[in-house]
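Heavy-atom basis, side chains included; hydrogens, waters and symmetry copies ignored. Chain A is the first sequence line, chain B the second, and so forth, proteins listed ahead of strands; every chain is numbered from 1.
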Amino acid sequence: MTEQLLYRLPWQSPAVYPGAHTGQTVGAGPLFKRHGSLLAHPDPRRIDVRASVLNPFGDYQVRLYQQQSNITVWVIADLSASMGYADKPEILRQFVQTAADSAFAYGDKFGFIGCGDHFEQRWFVAASQQPATVTGLCQQLAQHRFSGSAKHLAQAVQYLPSQRAMVFLLTDCHYPLPQLRNLLATLQGHDVIPLVLWHPDDYTRLPQWGLLALQDLESQHSRLLLMRPSLRPKLQMAYWQRHLALKNSFRAMGSEPLFMTGPYSTPTINHFLQQRAA
Amino acid sequence: MNLVVTTPWVLAGLLLALLPVFSRGMTTSPTPYLPLLPPDPLSAVLAVLLRLCAMTAIAGLVLGMAGLYSSEQRVERIGLGAHIVLLLDRSSSMDNSFAGRAPNGKEESKADAARRLLTAFVQQRQNGLMGVAEYSTSPLYVMPLTENKQAVQAAIAATATPALGFTHVSKGLSMALSFFQGQTVTGSRIIVLVSDGAAVIDHDSEQKLREWFKQQQVHLYWVFLRTANSPGLFDKPEDSRDDNPQVMPERYLHQFFSSLGSPYQAYQAESPNALKQAIADIDHLENTPLHYWERIPKQDLSGLCYRWASIMLAVLLAVKFCERKPC
């Protein structure tokens, strides 16, 4: 555990348990939140004399402080066949490990939902603070052979708590845009941080000339392309347009995506998270 | 066109031609999301063509193995031509030259000249049937009406064997006429009589020939190869006592033919060139519309199938070399 995700919240955690993030709960903390009646908060150590004198109603005022609360960090991962391509599984595994370690270091809980064609118990880790569970999950992920589609993503919300949580959505978005919009709509109650995994080889390493038979990893359909210098930019343009369409879809639902096209790098994600909080 | 195969059970292999529908037969490269790629009509057309290539290649191989052939068939045709029976005189005088001598190295015999020119004549005729009959002491049935030119030419060439005794023209004509029996009347029907002499036709035969010529609607051409100093067709005897069939059979035969009522033309050829002229005349005159059935023999198509399959396989092999992977 060398690097950690440094996530800060642009919102207040509703949790009552103490943690490392700004929360809505009044309690022990360094930040002044508001004044309250001594009757409601019977702690005479916190009586604010000046506020009590100025209070037109004449009762004693105590200073109330904002309690630092914890949050739950969820990782919703797309486990479809396209996610098993190239180094995506490795990125996924590394991210899950790093996110879990960071959550535990912050004192937050960590949960994981893996979505393939169906719900599978082994790809569900309830929110907890048990590093051993995550280690086991990562081992399973390393051995898993990805197959099928990401249909179950839309049902992932069923396993999330009703309280607002931080949700990392790891997917390559290789499914129709309406499906993505539906998924984002179900996740509106949470703080969604989309991490889109794309492999740059898909569009940078196309040949100039020749016949290229491409097979879809999920549907198994194949297509023949007669590669020629005029087609190559068209294909790259298609990827770029998809990139824009995805970005717009995410933004329309209030979340900015991070496209991870290179090898896994925690600083890149941290940079993105800090921009987001600012 | 009727297509037939020699070993039908091999045709079950045609099911293999469906294989390219299920498999492209190319090394595929994985791609995460295919619908993302823009449609490319050129590639789509090429993909369909390659599938067709593969399917027809397999089908070609299977049909070749099954031994595909087109069965014999008759094709209805309409052309210009005539049905011609060549009636050749095989009397021994035909082996003499036009000068009436046994041929030496320089001049050819009448039979040789007739053979050479008739062979060329047969070669020239585009359409129509031909038959060959001969006569000497009795008629010789050589070749019925056929469209096979080679057979007719061979029949004409067969007259090169030494000739026989007498000249019995009426029986020869009867046989030539009998060739037309049972044939549908289409185009013109011609008998080309090539002879160098004539004979008396008795009364009964005369009656019969008159009847048959009318029935069969046959045109008659007589190419008379006149030997030097022999009586011609149109000569009138100086002495009226000589004016009888026994002395001048040619003159009387000519008169008989003229009186038949059916179209008749006589050519008196006194040299090979005149004979050539006569035959050219007949060739020119007898071209009337003709309705006939042409026979097309059985044709083996398996070679064609294999050729097609090998071309397709060559195309597919070339395509195989063009395959690329994302580099």
Side chain, backbone, both or neither of A:Tyr175 within contact of chain B (heavy atoms, under 4.5 Å)
backbone
Determine the option with the most heavy-atom pairs under 4.5 angstrom with chain A, choosing from B:Thr27, B:Leu50, B:Leu34, B:Leu42.
B:Leu34
Is A:Gln220 atom CD crowded by more than 12 heavy atoms from other residues, nucleotides or ligands, each under 6.0 Å away?
yes
Considering all heavy atoms of both residues, which atom of A:Asp202 and which atom of B:Pro32 are nearest to each other, and what is their separation?
OD2-CG, 3.1 Å
Select one option (side chain, backbone, both, neither) describing which atoms of A:Leu231 are under 4.5 Å from chain B's heavy atoms.
side chain
Apply the test side chain to side chain contact (heavy atoms under 4.5 Å, CB included) to residues A:Leu217 and B:Tyr33: give CA-CA distance (whole Å), side-chain angles for both, the deciding distance (0.1 Å), then the verdict.
CA-CA 7 Å; A:Leu217 285 163; B:Tyr33 193 46; over 6 Å; no
Residues, nucleotides or ligands: over 12 heavy atoms within 6.0 Å of A:Arg122 CZ
yes
Surrounding NZ of B:Lys325 (heavy atoms of other residues, nucleotides or ligands, distance under 6.0 Å), is the total greater than 12?
no
To the closest 0.5 Å, what do you measure between CD (B:Glu323) and CG (A:Leu224)?
8.5 Å
Restricting to non-hydrogen atoms, name the atom on B:Met26 and the atom on A:Ala213 that form the minimum distance, rounded to 0.1 Å.
CB-CB, 4.2 Å
Indicate the atoms forming the closest heavy-atom contact of A:Ser222 with B:Arg24, along with that distance.
O-NH2, 3.2 Å
Looking at A:Arg228, A:Glu218, A:Met237, A:Met227, which has the largest count of heavy-atom pairs under 4.5 Å with chain B?
A:Arg228
Side-chain donor or acceptor of B:Ser43 paired with backbone N/O of A:Leu226 under 3.5 Å:
yes
What is the minimum heavy-atom distance between A:Trp209 and B:Arg324, and which atoms define it?
O-CG, 3.3 Å
Counting heavy-atom pairs closer than 4.5 Å to chain A, which one of B:Ala44, B:Ser29, B:Pro35, B:Pro30 comes out on top?
B:Ser29
From A:Cys173 atom SG to B:Leu36 atom CG, the distance as rounded to the nearest 0.5 Å:
11.0 Å
Atom CG in A:Asp201, atom OG1 in B:Thr31: separation rounded to 0.5 Å?
11.0 Å
At a heavy-atom separation under 4.5 Å, does A:Arg242 approach chain B through its side chain, its backbone, both, or neither?
side chain
